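Scroll down for the structure; my scribbles are underneath it.
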Amino acid sequence: MEMGNDAAPADGDMAREMEWVNNLAWYGEASRYDGLMCESHPAKLYSNGVWEKIILNVTGLQFWQYRLPCLEMVILLVFVLWQFFAIFFKKLGLPIPKFASMMLAGLLLNVLIIVSGDGSILKDIFFHKNRVDIPGCLGSFGFMIFWFLNGVKMDAKRIFKAETHARVTGFAAAALPITVGLVIYKIKPAERIQLKITEFNTLLLMESLTSFSEIARLLIDLGMNNSSVGKVALSAAVVSNMVGLLIFLIMVPITFPSWLEGVILLVLMIFFMVIVFAVVRPTLFKIIKRKREGMPIDDKHIYGILVLVCLSCIYWNSLGQFPPLGAFFLGVAIPSGPPIGSALVERLESFNFGIILPLFMSACMLRIDLRVWKEVLTFNISNEKKLAVVSLVLLIFLLKLSISIVVPYLFKMPLKESILLSLIMSHKGIVEISFYAFSFGLEFLDRATFSILVLSILLNSLFLPLAIRFLYDPSKQFMCYQKRSLVSTKINGAIKTLVCIHRPDHISSMINLLEASYQSEESPLTCYVLHLVELQGQDVPTLISHKVQKLGVGTGTEDSENVILSFEHFNRYVCSSISIDTFTCKANSNHMQDDICWLALDKAVTLIILPFHRAWSIDRTAIVSDSEMIRFVNYNVLKQAPCSVGILIERHLVNKKQETQQNLKVCAIFVGGKDDMEALAFAKRMARQENVTLTVLCLVAAGKSKGWDQMLDTGELRELILSNDTGNPNGESSTIYLEEKIIDGAATSMLLRSMASDYDLFIVGKTCGENHAATRGIESWCEFEELGVIGDFLASPDFPSKTSVLVVQQQRTIAKYH
């Protein structure tokens, strides 16, 4: 009503006004009779339940039209759909990346919304009129956190550690497509250029670069992050990322209409990086130094970092640039690994990648035009601009593919591995689609161009991993072309061992076993000590050689200080005839076995010694820890090791030399087979020590004549014992040979129980007694198959002894030259 108008409002208008006010109060939104749409803020999240009906006697909004139930339904739908695709691909054995499953979930929702029509509930849920897209906003927040975590996990120092061919490949794979694209754009007549300069630059930059985070995630999904090709690809991807950022910074002043404005913007961006690396990073290091070793980071520091993430994105958005780049640079500045980097990854990654980020991927897929996809897939492109986009994408892909093959091949990389590297370097994923979505939101790209680019990323993520899996055979990566076993090594020949350490309590057991093993100047023993540390807060596995990297603050050796000092002391003061080289491996627990096998293959190791996954109390009577992670590593090393492997179960001090004058009593159990011969070969070396007495217990099936294989085994056994006796320094026999006839497994069990307290160490082959009377009836008792039937029996808590056990497996496979 106008001022000064004394006329009373009409009753109908008053009623409609009251209805509008009531609707706004109860539902949080209302449409007035004159068409004005109003909302109350803060918005109404959910309905008032039964009170709507009881008090107002009206039916409220549908439950999915309230903000909170709508958000919950979107999250549930997207989560169920992308998990369905992920599980489906996994069951089929297809190495499809998880983000491709998220894209397919969004694509399916897009199709369902189109099929259901304009008035459908599904469209009302995802495209509600006159309302902020809350799921999309939450997905954008997840996308920001994704970029931040990529920075946290990225090892920027890798660019300095990369080999020459990795650096050249990373640089060439980015520089060549960009150079060719710019040349084509310059020489082509202006009237024939279909793309705007902003569209062309966006496509050229993003299609030419290789995202480190995408490559790291792809390699983890394919189980290739520890392979030689995978390591080169990671280093090349870091170089490619740095090249892209450098080109991006150079293009900022060039693309601005005013040169001065471009320089000012560049200065503001550099100012942000200076603040992040010169202020934030040193501050975080000071926080870490104040914390006691092993103590977690305080929650207030985590919250403070998240606030900085949001402020970084706001700052870059105010500059008119890609906001997540601010979060990415901040992430790079965060000290990687524990306690800060690992805590951020542990708290944020799973929830963000599993719940929030799929919302962003689905939102991107809901923006595409399926009609454009139909034109491209049926080769019926309607206009020249779409054809130009498709041609540019294909040209850059082929250039990137070719240069990534040629450069490594020129550096003497095998052709098959060069092709694998090129396919990995051509992979596209979340980073590219997010930048395209940002450009589409700023209207740098039209809907048709955006749809074509999203289609190219989806096809790339579906077919490239399949091609890589087809070319890459993980079973052959640790194949060895020569025999690496104790049996094939001369009795007085040099041997190399790889000792693995997970926990501090493994140090003493491995040192004791090494000291009890025979070594001299004539029969030297080289020992590589590998300390395995679970990788936290990073994607890239790291192998540190402590001959090159000495102890010191900030050198990455803090985790291994006890291991290094203990073995140095052992080598210097106890046993100088052993050559010791110490390494630290920081890797994901699912791939530690790859690092162990790679080091064993590289160093031509004869025997890998692994600690058992169970640890006993000080009095060696009770189990105090049981690590499934260590058991998983042991199990996989046994399957793919390029040499012989031993698992040490220590419940008794193996070496008595320093404590008493008593001899160390060792019992090698022999039934027959390659593993038993390998175990006997190790026992034979131990028996050359003056203070070691070896007993060989040969189990023979009662009432059966010896077969040809058993006769061969027995002959080799006697030859082994005789050759061992002739090498004893005192000229006296240090080996006792016992032969027992066994009816079944029960008799074996009784025999071993009666001998339990007579020895300090049992040495047994992994397959000892398989398909033999010695284990008949007790195979089902075996709890840990990696120990074999008899090894598992000796290591069980029910065995009436605290005797240690070494289970040995001979080298399984030897590749043949073709």
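Not measured: the values here are computed from a predicted model.
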Inter-residue atom distance [X].[atom1] - [Y].[atom2], 0.5 Å rounding:
X    : Y    : atom1 : atom2 : answer
D676 : T767 : CG    : OG1   : 6.0 Å
C667 : D758 : SG    : CG    : 9.0 Å
I302 : I340 : CD1   : CD1   : 7.0 Å
I647 : Q809 : CD1   : CD    : 8.0 Å
L532 : I630 : CG    : CD1   : 9.0 Å

Any side-chain heavy-atom pair of [X] and [Y] under 4.5 Å:
X    : Y    : answer
F682 : L513 : yes
F285 : P335 : yes
E650 : F612 : no
V666 : I763 : yes
L284 : I305 : yes
E785 : Y635 : yes
M686 : L664 : yes

Salt-bridge test for R347 and D299: reply yes if a basic N is under 4.0 Å from a carboxylate O, no otherwise. yes

Applying side chain to side chain donor-acceptor pair (under 3.5 Å) between S644 and each of E678, Q810, R484, report the one that passes. E678

Of the options [options], which is the one that meets [X] in a side-chain contact (heavy atoms from CB on, under 4.5 Å)?
X    : options                : value
L699 : L738, L752, T748       : T748
L787 : V807, L794, L638       : V807
I507 : I501, N512, L565, V529 : I501

So which heavy atom on [X] is nearest to which on [Y], and how close?
X    : Y    : value
S566 : I511 : O-CD1, 4.0 Å
H531 : H502 : NE2-O, 4.0 Å
I608 : C500 : CG2-SG, 4.2 Å
L530 : C585 : CD1-CB, 3.6 Å

Can you tell me which residue among D626, D505, D792 is in a salt bridge (charged side-chain N to carboxylate O under 4.0 Å, His left out) with R614? D626

Going by the angle between their ring planes, with limits at 30° and 60°, are F799 and F762 parallel, tilted or perpendicular? perpendicular

